[in-house]
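Okay, structure first, notes after.
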Protein chains: 2
Amino acid sequence: MLAQNIVSADKFRVSKTQSACPPTCPARSGSTIELLGIPKGFPRNAEIYGDREPADYLYKVMSGTVRTYKVRVDGRRQIGGFYIPGDVFGVEVGDEHAFSAEAISDCRVLMINRSVVMARAARDVAVARELWSLIGHELKRVQDHILLLIKSAEERVASFLLEMPVSKENTIELPMSRQDIGEYLGLTIETVCRTFAHLQATATIEVHSRQIVLRNRANLRRLNA
Amino acid sequence: MLAQNIVSADKFRVSKTQSACPPTCPARSGSTIELLGIPKGFPRNAEIYGDREPADYLYKVMSGTVRTYKVRVDGRRQIGGFYIPGDVFGVEVGDEHAFSAEAISDCRVLMINRSVVMARAARDVAVARELWSLIGHELKRVQDHILLLIKSAEERVASFLLEMPVSKENTIELPMSRQDIGEYLGLTIETVCRTFAHLQATATIEVHSRQIVLRNRANLRRLNA
DNA sequence: CGACCATTTGATATGGATCAAGCGATGTGG
DNA sequence: CCACATCGCTTGATCCATATCAAATGGTCG
């Protein structure tokens with residue numbers, strides 16, 4: 001019974017589709033886990049948790065954007081992912097967080113006590129399924145990130161833009177700095193800028209500081225290949 | 001109950017330590033899952049499963065080495081990981097394999113029916129824990145791979161060597177070609193060769209085709225940083 | 001207005017890719 | 001047993017994408 005439910009957990013995948021989760025994120029249908037959470041606000045640039053701290057909570061973004069990252073010994077930073085409203089982050093299998101997490105903008109997150117979820121998962125098949133789905137979603141994210149990192153600069157930027165939520169009018173409102181984008185894509189800030197400029201020169205996008213208008217999505221998709 | 005068991009699943013991590021798992025891999029203590037498997041042999045370069053095929057089985061390597069990979073539209077190949085005796089591969093959350101898998105050398109693997117495992121997991125807490133641990137191990141592998149891909153060529157090669165099992169006498173027997181190593185590290189075959197040559201020139205390793213002797217592991221660790 | 005920070009643009013440097021050729025081991029057919 | 005083809009590996013020469021260094025611009029907030 002549990003078996004079949006876990007196998008098909010994919011149906012409960014956490015969606016990254018912005019449309020399904022407006023700025024102020026309501027409870028989603030089918031999500032029991034978030035009923036266990038308590039809301040907390042974090043100001044811009046606040047640390048939510050640090051690398052190697054005990055993973056006592058999972059977090060669901062209600063508003064704002066969160067980045068996870070790891071600082072290398074030489075001081076360089078690698079961003080593991082961006083999390084927007086509806087996304088869950090901080091899911092770990094071990095007892096410690098593998099990355100640190102920070103608020104990119106002021107944000108509200110639901111803090112969900114891990115041991116409570118785990119206890120619940122033991123009794124409630126739906127919760128066990130949700131958990132399995134969350135970790136699977138995270139695994140897929142990370143696998144895709146690997147494929148991203150072996151591409152050319154232009155391809156990386158195109159892929160990045162395609163994974164950002166598009167609001168009205170083909171416009172992307174980027175919550176993060178060029179620096180953040182660079183650290184996510186494994187590129188320098190200058191290369192990110194120049195690539196934006198080049199995509200603009202080829203009429204693929206229009207750049208208005210942190211607002212990007214997609215003018216030729218087919219071209220982005222071609223680069224994404 | 002299940003909760004606490006899942007939380008501490010890390011203790012059941014699949015070890016990559018060769019010493020714990022000699023060429024002919026015996027059943028490991030604490031592993032119930034593999035009791036459910038049936039052995040199968042694959043000749044060198046045989047496909048074990050393909051990208052996007054239904055993930056009906058998990059696999060445990062008993063002897064030989066396996067690579068998982070993905071072919072990009074432009075024909076280039078990215079290797080997701082190498083799996084040696086004792087490692088489990090093909091663990092997916094969705095219903096399809098995300099990567100393809102091939103035997104690098106002749107090998108024997110245990111094929112473990114997924115629905116059998118899942119059914120078992122519903123009843124047997126130990127099996128549920130093992131599953132959770134396996135997916136967590138895979139997630140960690142992939143996260144580390146990301147950190148690898150943002151390093152310099154020399155750092156990547158150093159990291160690669162440090163994750164390979166060392167047999168007697170500080171010697172690594174590489175089962176895979178330079179091409180494979182390159183595709184794993186996101187480097188060309190020439191760069192892999194030259195980096196080996198350079199590490200040899202700096203007395204860090206000795207290269208005897210596919211046999212690498214570690215001469216200065218501290219230096220490798222420094223590069224690994 | 002002035003300070004500060006993020007972004008953009010320009011000039012130059014460089015690590016790794018690409019192109020090309022040689023080398024050693026392995027295997028095959030004569 | 002040798003001649004030759006093949007394949008994996010190595011090494012050399014050159015090129016190019018991206019990093020690095022530097023400076024100008026623009027936007028925001030006190």
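Chain naming here is simple, since letters A, B, ... match the order of the sequence lines and numbering starts at 1 in each.
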**Prompt:** Taking everything shown except A:Y57 itself, do over 12 heavy atoms lie less than 6.0 Å from its OH?
**Reply:** no
**Message:** Is it the case that over 12 heavy atoms from other parts of the model lie below 6.0 angstrom from the CZ atom of A:R210?
**Reply:** yes
**Item:** From CD (B:E34) to NZ (B:K60), nearest 0.5 Å
**Value:** 3.5 Å
**Asked** Which residues pass the side-chain hydrogen bond (donor to acceptor under 3.5 Å, both in side chains) test with B:S100, sequence neighbours left out?
**Response** none
Return all side-chain donor-acceptor pairs below 3.5 angstrom for residues 167-174 of chain A, not counting sequence neighbours, or 'none' if the list is empty.
{"from": "A:S167", "atom 1": "OG", "to": "A:T171", "atom 2": "O", "distance (Å)": "2.9"}
{"from": "A:N170", "atom 1": "OD1", "to": "A:R217", "atom 2": "NH2", "distance (Å)": "2.5"}
{"from": "A:T171", "atom 1": "OG1", "to": "A:E169", "atom 2": "O", "distance (Å)": "3.2"}

**Item:** Axis deviation across the helix from C:dC1-D:dG30 to C:dG30-D:dC1, five-pair ends, to the nearest 10°
**Value:** 30°
**Prompt:** Less than 4.0 Å between a side-chain N and a carboxylate O, is that true for B:K70 and A:D144?
**Reply:** no
Pull out every protein N or O sitting under 3.5 Å from an N or O of nucleotides 7-14 of chain C, one pair per line with the distance.
{"from": "C:dT7", "atom 1": "OP1", "to": "A:R210", "atom 2": "NE", "distance (Å)": "3.0"}
{"from": "C:dT7", "atom 1": "OP1", "to": "A:R210", "atom 2": "NH2", "distance (Å)": "3.3"}
{"from": "C:dT7", "atom 1": "OP2", "to": "A:R178", "atom 2": "N", "distance (Å)": "2.9"}
{"from": "C:dT8", "atom 1": "OP1", "to": "A:R178", "atom 2": "NH2", "distance (Å)": "3.1"}
{"from": "C:dT8", "atom 1": "OP2", "to": "A:R178", "atom 2": "NE", "distance (Å)": "2.7"}
{"from": "C:dT8", "atom 1": "OP2", "to": "A:R178", "atom 2": "NH2", "distance (Å)": "3.4"}
{"from": "C:dG10", "atom 1": "N7", "to": "A:R194", "atom 2": "NH1", "distance (Å)": "2.8"}
{"from": "C:dG10", "atom 1": "O6", "to": "A:R194", "atom 2": "NH2", "distance (Å)": "3.1"}
{"from": "C:dA11", "atom 1": "N6", "to": "A:R194", "atom 2": "NH2", "distance (Å)": "3.3"}

**Sugar-phosphate, base or nothing in reach of B:G186, heavy atoms under 4.0 Å** = sugar-phosphate
**Prompt:** Aromatic ring centroids of B:Y59 and B:Y83 under 6.0 Å?
**Reply:** no
**Where chain B begins and ends its contact with DNA chain D, read 5' to 3' at 4.0 Å from heavy atoms** = D:dG8 to D:dA13
**Request:** Give the rounded distance in Å between these two atoms: CZ of B:R44 and P of C:dG27.
**Result:** 10 Å
**Fill in**
Across all chains, not counting sequence neighbours, the side-chain hydrogen bond (donor to acceptor under 3.5 Å, both in side chains) partners of A:S105 are none
**Message:** Please report the distance, rounded to the nearest Å, between CD in B:Q211 and P in C:dA25.
**Reply:** 14 Å
**Request:** Would you indicate whether B:R52, at its atom CZ, is surrounded by more than 12 heavy atoms from other residues, nucleotides or ligands within a distance under 6.0 Å?
**Result:** no
**Message:** Check this for me, if you would: do B:D74 and A:K151 make a salt bridge, where the nitrogen-to-carboxylate-oxygen distance has to be below 4.0 angstrom?
**Reply:** no
